[in-house]
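By convention in this document, chain letters (A, B, ...) are assigned in the order of the sequence lines, proteins followed by strands, and residues within each chain are numbered from 1. Only a predicted model underlies this, so the values are computations on that prediction, with no experimental measurement involved. Excluded from the calculations below are hydrogen atoms, water molecules and symmetry mates; all remaining heavy atoms, backbone and side chain alike, are included.
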Number of protein chains: 2
Amino acid sequence: MKLSGGVEWAVHCCVVLSQAEGPVPAQRLAEFHGISRTYLAKHLQQLSRAGLVSSTEGRVGGYALTRPGGEITLLDVVLAIEGREQAFRCTEIRQNGPLPASPQACKKACGVARAMHAAEQAWRESLKGVTIADLAVSVEQDAGPDTFVRVREWLGT
Amino acid sequence: MKLSGGVEWAVHCCVVLSQAEGPVPAQRLAEFHGISRTYLAKHLQQLSRAGLVSSTEGRVGGYALTRPGGEITLLDVVLAIEGREQAFRCTEIRQNGPLPASPQACKKACGVARAMHAAEQAWRESLKGVTIADLAVSVEQDAGPDTFVRVREWLGT
DNA sequence: GTTAACGCGGATAACTGATATCCGCGATTA
DNA sequence: TAATCGCGGATATCAGTTATCCGCGTTAAC
């Protein structure tokens with residue numbers, strides 16, 4: 001089980017965007033994080049399709065958050081990049097073999113699937129409790145109070 | 001993000017083993033669940049290496065749980081199959097680019113990684129709260145009180 | 001009006017990991 | 001001695017991730 005590396009990129013980009021003043025081009029976000037421009041573009045397009053960021057085309061285009069950082073959760077970003085499917089996928093093996101479960105019993109999900117999905121729900125709830133704004137605060141605490149001032153400066157360059 | 005299909009197989013096998021009277025061969029477990037014998041064998045070997053099941057070789061060999069079902073959690077099985085690595089892997093992109101985080105600040109994990117790992121911890125805690133015995137009970141409730149009697153009967157065939 | 005910077009979608013390719021099978025080996029028992 | 005079993009290695013296939021490139025339309029500056 002592995003999360004796409006794009007999740008990390010997307011989250012960090014959202015934190016930067018939450019502190020930017022205007023639209024930030026993908027090129028700029030890629031440079032800032034030292035990552036591939038073309039591949040990052042794909043992930044930003046996913047964020048755009050999910051409605052988390054808006055894109056402006058043309059000469060001075062780029063990406064911006066559609067909502068304040070406090071209204072975008074980590075879960076929003078993760079689902080936008082990873083998709084909304086559950087990590088655990090029940091293949092209903094209880095219906096196989098010499099003693100298959102009755103169609104009657106299979107109306108509800110099996111105990112294994114229920115437990116796995118409950119765990120995944122706990123994961124999602126935890127991610128839901130963290131916003132981009134929260135992460136921005138933690139970055140500021142770790143890297144110093146002038147961090148985003150310098151980020152904005154560099155973005156304006 | 002997707003969990004290995006082997007997790008589902010392994011969990012269901014553990015439930016069956018918790019109700020078996022002697023060692024159950026991989027062949028038998030595969031037949032019972034209508035799945036590939038050779039591939040299931042690989043997963044059972046992983047459970048064996050993790051210490052969740054013991055294997056007896058030879059003519060009347062097979063697999064058995066090393067502990068009562070109540071002492072084996074869903075998390076034990078998932079980690080045995082999926083490995084113990086976190087799904088989210090921080091690549092420290094904060095250290096890249098024109099404004100890299102200071103080595104000082106990087107002594108602790110970044111806020112993004114902390115939040116992702118906290119969510120994963122919540123997932124693990126949830127899995128830790130469910131035992132094989134719990135799952136056996138839920139199977140019995142869903143499929144009827146004589147279910148495991150018939151399972152043992154078929155295994156003995 | 002032309003040019004340059006930008007986002008968008010499609011095509012493509014390399015690489016990785018999951019899925020799956022087969023084989024020979026040693027162990028055990030009928 | 002033969003049949004049944006687990007074990008590990010080699011191998012093949014397939015899907016998903018990672019990544020790049022291209023042409024297209026859009027927009028602003030010159």
Find the distance [X]:[atom1] to [N]:[atom2] and express it as a whole number of Å.
{"X": "B:Leu17", "N": "D:dG6", "atom1": "CG", "atom2": "P", "value": "11 Å"}
{"X": "B:Arg49", "N": "D:dC7", "atom1": "CZ", "atom2": "P", "value": "8 Å"}
{"X": "A:Leu3", "N": "D:dG16", "atom1": "CG", "atom2": "C1'", "value": "14 Å"}
{"X": "A:Gln45", "N": "C:dG10", "atom1": "CD", "atom2": "C1'", "value": "11 Å"}
{"X": "B:Ile81", "N": "C:dT19", "atom1": "CD1", "atom2": "P", "value": "10 Å"}
{"X": "A:Trp9", "N": "D:dT17", "atom1": "CH2", "atom2": "C1'", "value": "11 Å"}
{"X": "A:Leu44", "N": "D:dA19", "atom1": "CG", "atom2": "C1'", "value": "15 Å"}
{"X": "B:Gln46", "N": "D:dG9", "atom1": "CD", "atom2": "C1'", "value": "15 Å"}

Which residues satisfy the side chain to side chain donor-acceptor pair (under 3.5 Å) test with [X], sequence neighbours excluded?
{"X": "A:Arg114", "value": "B:Asp142"}
{"X": "B:Glu120", "value": "none"}
{"X": "B:Ser54", "value": "none"}
{"X": "B:Glu140", "value": "none"}

| said: If you compare every side-chain N and O of A:Ser4 against the phosphate oxygens of D:dG16 (OP1, OP2), does one of them come in below 4.0 Å? | reply: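 So the side-chain polar atoms of A:Ser4 never come under 4.0 Å of the phosphate oxygens OP1 or OP2 of D:dG16.
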| Think B:Thr56 has a side-chain N or O under 4.0 angstrom from the OP1 or OP2 of C:dA27? | no
| task | Not counting sequence neighbours, which residues clear side chain to side chain contact (heavy atoms under 4.5 Å, CB included) with A:Leu79? List them please. | result |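 For A:Leu79 the side chain to side chain contact (heavy atoms under 4.5 Å, CB included) partners, ignoring immediate neighbours, are A:Leu75, A:Arg84, A:Arg124.
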| message | Suppose we screen for side chain to side chain contact (heavy atoms under 4.5 Å, CB included). Which residues come up paired with B:Arg89, at least two apart in sequence or across chains? | response | A:Lys2, B:Glu85
| Do B:Glu31 and B:Arg28 sit within salt-bridge range, that is, some charged N less than 4.0 Å from a carboxylate O? | yes
| task | First locate atom CD of A:Glu125, then atom OG1 of A:Thr73, and finally report the distance between them rounded to the nearest 0.5 Å. | result |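 Those atoms lie 10.0 Å apart.
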Could I get a table of every N or O pair under 3.5 Å where one atom is in the protein and the other is in nucleotides 12-15 of chain D?
none

Please report, to 0.1 Å, the donor-acceptor pairs under 3.5 Å made by any side chain of residues 59-68 of chain A, with sequence neighbours excluded.
residue	atom	partner	partner atom	Å
A:Thr66	OG1	A:Gly51	O	2.8
A:Thr66	OG1	A:Leu52	O	3.1
A:Arg67	NH1	A:Glu71	O	2.7

| remark: Residue set satisfying ring pair (Phe, Tyr, Trp, His ring centres under 6.0 Å) with B:Trp123, at least two apart, ordered chain then number -> none
| field | Sub-4.0 Å heavy-atom contacts from residues 26-43 of chain B onto DNA chain D, ordered by number | value | B:Ala26, B:Lys42
| query | Among pairs that include at least one residue of residues 90-103 of chain A, which meet salt bridge (Lys or Arg N to Asp or Glu O under 4.0 Å), considering only residues two or more places apart or in two chains? | reply |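 Counting only pairs at least two positions apart or across chains, the salt bridge (Lys or Arg N to Asp or Glu O under 4.0 Å) contacts touching residues 90-103 of chain A are A:Glu92-A:Arg94.
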Provide a list of protein-nucleic acid N or O atom pairs under 3.5 angstrom, restricted to nucleotides 26-30 of chain D.
residue	atom	partner	partner atom	Å
D:dT26	O4'	A:Glu57	OE1	2.9
D:dT26	O2	A:Gly58	N	3.3
D:dT27	O2	A:Arg59	N	2.9

